[in-house]
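Residue numbers begin at 1 in each chain, while the letters A, B, ... track the order of the sequences.
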There are 2 protein chains.
Amino acid sequence: MLDEHDIFKDYLKQYNLRYTPQRKLILDVFLQQSGHVHIDDIHIRVRDQDPTIGIATLYRTMKLLVESGLAEMHTFNEKTTYERLFQVRHHDHLICIVCDKTVEFEHPLIEKYQLEACERYDFTLKSHRMTLFGICKECQK
Amino acid sequence: MLDEHDIFKDYLKQYNLRYTPQRKLILDVFLQQSGHVHIDDIHIRVRDQDPTIGIATLYRTMKLLVESGLAEMHTFNEKTTYERLFQVRHHDHLICIVCDKTVEFEHPLIEKYQLEACERYDFTLKSHRMTLFGICKECQK
DNA sequence: CTCCTTTTTGATAACGAATATCAATATAGT
DNA sequence: ACTATATTGATATTCGTTATCAAAAAGGAG
């Protein structure tokens, strides 16, 4: 059974890239996080384990993770975040505009109507991004 | 009947701000555009009519247009664009990942299910952003 | 292991979009 | 016309991200 490290290794091999300790560490740290992770958070945790790792390597590796299909990049609120993405069903996001809390949800019918809209305009759907902005229960008080 | 200039004037007056020639010009240019406009495009057209206008004023004014509800800011592909937004129904976007062509569409049922999802998680929906990425008819050839 | 080639690394410079600063200018109200 | 306040344009600054580059590391071949 393939795990994320195997997928990453395969991707790297495919492009004659190397599975280095730095790349392994960054992937490890990334996988320990959940939800949407800002690169600064990853940076802090990576440096806890290896203070010599440079910020450039982190950016380069995150890019590789995106290209290999393990992570997805988002730019919701001017801050780039990365999200784990492996065998995960399509899902959308609900974001609180007050506290930035993020909830993931999915709605099969929405998917269906997205396809419908694409067909109407002769587009081949490749991916989608739906984000709902609102105020969560706690912040409404 | 209120037009955009009146709305802008009202907004400015409300905050003790002034309806200056620069602001009027930028709004004029913005309104002549259609769809999603990059700030550089607006800059070029504004400078055609008044080469003395500074970039800072342009950014400041675009921010005011957003705050006054006349424009909406998007950050689709790392490039910030502004979209005219006046008495416009909710709509979503369909973007070609090859040529960047953008199509607007709306789908009432999608809206309905968005609300549904919000209720499920005790969120009060404030706005949404749905973007479908695909390949348009021309680019499929 | 040793040699050689290619990739990777970390430090740092560079970039670019957006914002802050500030003195000079324009505006609105008296 | 006068005064107080807002606005402007030029420019410096910020900050996230990317490019550069010499040194280090990794993978093969012998």
K.L.:
Output the rounded distance in Å from CG (A:Leu58) to P (C:dG10).
P.N.:
10 Å
K.L.:
Tell me, with the steps shown, if A:Glu4 and A:Arg84 meet salt bridge (Lys or Arg N to Asp or Glu O under 4.0 Å).
P.N.:
CA-CA 10 Å; A:Glu4 278 92 342; A:Arg84 192 167 164 176; 3.0 Å; yes
K.L.:
What is the distance from NE2 of B:His38 to P of C:dA17, rounded to the nearest Å?
P.N.:
7 Å
K.L.:
Quick one: does A:Leu132's side chain get under 4.5 Å of A:Phe105's, heavy atoms only?
P.N.:
yes
K.L.:
Is a side-chain N or O of B:Arg18 found less than 3.5 angstrom from the main chain of B:Leu12, in a donor-acceptor match?
P.N.:
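Side chain of B:Arg18 to backbone of B:Leu12: no pair is present.
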K.L.:
For B:Thr57 and D:dT7, is the shortest distance between a side-chain N/O and OP1 or OP2 below 4.0 Å?
P.N.:
no
K.L.:
Hey, are the side chains of B:Lys24 and B:His5 touching, using non-hydrogen atoms and a 4.5 Å cut-off?
P.N.:
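The answer is yes, as the side chains (C-beta and beyond) meet within the 4.5 Å cut-off.
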K.L.:
Given atom CD1 of B:Ile55 and atom C1' of C:dT21, what is their separation to the nearest angstrom?
P.N.:
17 Å
K.L.:
Does the A:Ser68 side chain pair with the main chain of A:Leu64, one donor and one acceptor, at a distance under 3.5 Å?
P.N.:
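Yes, because the side chain of A:Ser68 sits within donor-acceptor range (under 3.5 Å) of the backbone of A:Leu64.
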K.L.:
Rounding to 10 degrees, work out the angle separating the end axes of the helix from C:dC1-D:dG30 to C:dT30-D:dA1 (five pairs an end).
P.N.:
30°
K.L.:
Which atom names give the shortest non-hydrogen contact between B:Ala71 and B:Phe30, and what distance separates them?
P.N.:
CB-CZ, 3.6 Å
K.L.:
Does B:Leu31 offer a backbone N or O that forms a donor-acceptor pair with the side chain of B:Asp28 under 3.5 Å?
P.N.:
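Flag not set: sc B:Asp28 to bb B:Leu31 has no pair under 3.5 Å.
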K.L.:
Please tell me if B:Tyr59 has a side-chain N or O lying less than 4.0 Å from either OP1 or OP2 of C:dT19.
P.N.:
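No, no such contact exists.
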K.L.:
Give the B/S/- string for nucleotides 20-30 of chain D, one per nucleotide from 5' to 3', where a protein heavy atom under 4.0 Å of the base yields B, of only the sugar-phosphate yields S, and otherwise -.
P.N.:
B----BB----
K.L.:
In whole angstrom, give the distance that lies between atom NZ of A:Lys63 and atom P of D:dG16.
P.N.:
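Rounded to whole Å, this separation is 17 Å.
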K.L.:
What integer distance in Å separates B:Met62:CE from C:dT19:C1'?
P.N.:
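My rounded result for the distance is 16 Å.
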K.L.:
Rounded to the Å, how far apart are B:Lys13 NZ and D:dA6 P?
P.N.:
15 Å
K.L.:
To the nearest angstrom, how far is B:Leu27 atom CG from D:dT7 atom C1'?
P.N.:
17 Å
K.L.:
Could you tell me the separation between the NE2 atom of B:His43 and the P atom of C:dG16, rounded to a whole number of Å?
P.N.:
16 Å
K.L.:
Please determine whether residues B:Met62 and B:Ile44 belong to a single hydrophobic cluster, defined as Ile, Leu, Val, Met, Phe, Trp and Tyr linked transitively by side-chain heavy-atom distances below 4.5 Å.
P.N.:
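No, because B:Met62 and B:Ile44 fall into different hydrophobic clusters, even though each may have its own neighbours under 4.5 Å.
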K.L.:
Rounded to the nearest 0.5 Å, what separates atom NE2 in B:His93 from atom OG1 in B:Thr81?
P.N.:
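It is 8.0 Å, given to the nearest 0.5 Å.
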